[in-house]
Amino acid sequence: MRRIFALAIVALVALVAAGVGNAGREQQQLTCTGLGTITVTVTTTTNDHSVAWGVGTVSNRLHGIPVSFSGTITDLTTGLVLDSFFQAKGHGIGMHTQPTITCTSPPETATAGELGIPGVNPNDVIEFDFSAQVVLKP
């Protein structure tokens, strides 16, 4: 899970991380309502006040603006949800009047030992599921 590759994972890490960031670009595979599986180019950052809520480019004509992120971290071995999160742009009112679609990343898995999760059997398989609500703009 230290290397999670999804549109909003990059943004989530940016929201949680502190310090000065160096913005870059990265391609992510997502499955979006009405679009199917797509490749999105997103901005990466480690600064929570930078471009974490920035635009993901679907093509040269279509852009997606994330308005919320959510996800869960589950111990698949025991069936326990270890953590969940929800983060909304503008404290839940950012771009709320525009229609959105849901985009999800493929689940990422690793062992608790690989992830360094304390208090969990290091052999347990951990899954991270992620989704984002996105406003599409031509």
Side-chain angles (χ1 to χ4, degrees):
M1 274 197 274
R2 290 182 184 157
R3 296 182 47 174
I4 298 173
F5 298 104
L7 168 66
I9 295 306
V10 172
L12 174 65
V13 169
L15 291 171
V16 174
V20 177
N22 295 319
R25 301 293 281 171
E26 182 175 296
Q27 288 192 332
Q28 309 291 327
Q29 291 284 27
L30 300 173
T31 302
C32 298
T33 306
L35 298 177
T37 301
I38 58 173
T39 300
V40 178
T41 302
V42 297
T43 301
T44 61
T45 182
T46 57
N47 183 337
D48 63 346
H49 298 292
S50 182
V51 291
W53 292 100
V55 172
T57 304
V58 179
S59 69
N60 61 356
R61 300 175 322 206
L62 186 62
H63 296 84
I65 303 167
V67 295
S68 70
F69 304 113
S70 62
T72 58
I73 301 169
T74 306
D75 182 332
L76 295 179
T77 305
T78 63
L80 291 174
V81 174
L82 302 175
D83 196 13
S84 64
F85 63 90
F86 176 81
Q87 177 70 41
K89 184 175 188 175
H91 304 288
I93 58 171
M95 304 181 85
H96 69 283
T97 61
Q98 299 181 48
T100 62
I101 63 169
T102 300
C103 293
T104 59
S105 68
E108 296 285 335
T109 59
T111 67
E114 292 170 326
L115 300 171
I117 300 174
V120 176
N121 183 322
N123 297 317
D124 284 7
V125 176
I126 308 300
E127 179 178 271
F128 181 79
D129 296 293
F130 177 82
S131 70
Q133 291 296 309
V134 178
V135 172
L136 289 181
K137 294 291 184 179

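The chain is numbered in sequence order, starting from 1.
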Q: Quick one: list whatever passes side-chain hydrogen bond (donor to acceptor under 3.5 Å, both in side chains) with T33, sequence neighbours left out.
A: none
Looking at side-chain heavy atoms only, is the closest gap between [X] and [Y] below 4.5 Å?
{"X": "T111", "Y": "N123", "result": "no"}
{"X": "F128", "Y": "P107", "result": "no"}
{"X": "L136", "Y": "I101", "result": "yes"}
{"X": "D83", "Y": "V81", "result": "no"}

**Q.** Chi angles and distances behind the side chain to side chain donor-acceptor pair (under 3.5 Å) call for S131, T102
**A.** CA-CA 7 Å; S131 70; T102 300; over 6 Å; no
Show me, pair by pair, the donor-acceptor contacts under 3.5 angstrom made by side chains of residues 71-80, not counting sequence neighbours?
{"from": "D75", "atom 1": "OD1", "to": "T77", "atom 2": "N", "distance (Å)": "2.9"}
{"from": "D75", "atom 1": "OD1", "to": "T78", "atom 2": "N", "distance (Å)": "3.1"}
{"from": "D75", "atom 1": "OD2", "to": "T78", "atom 2": "OG1", "distance (Å)": "3.4"}
{"from": "T77", "atom 1": "OG1", "to": "V125", "atom 2": "N", "distance (Å)": "2.9"}
{"from": "T78", "atom 1": "OG1", "to": "L80", "atom 2": "N", "distance (Å)": "3.3"}

Nearest-0.5 Å distance, [atom1] of residue [X] to [atom2] of residue [Y]:
{"X": "E108", "Y": "D129", "atom1": "CD", "atom2": "CG", "answer": "10.0 Å"}
{"X": "T37", "Y": "Q29", "atom1": "OG1", "atom2": "CD", "answer": "7.0 Å"}
{"X": "F85", "Y": "S70", "atom1": "CZ", "atom2": "OG", "answer": "6.5 Å"}

Q | Smallest separation among heavy atoms of C103 and L30, with atom names | A | CB-CD1, 4.2 Å
**Q.** Contact summary for V120 and A112, nearest pair of heavy atoms
**A.** CG1-CB, 3.6 Å
**Q.** Chi angles and distances behind the side chain to side chain donor-acceptor pair (under 3.5 Å) call for Q133, T100
**A.** CA-CA 6 Å; Q133 291 296 309; T100 62; 3.0 Å; yes
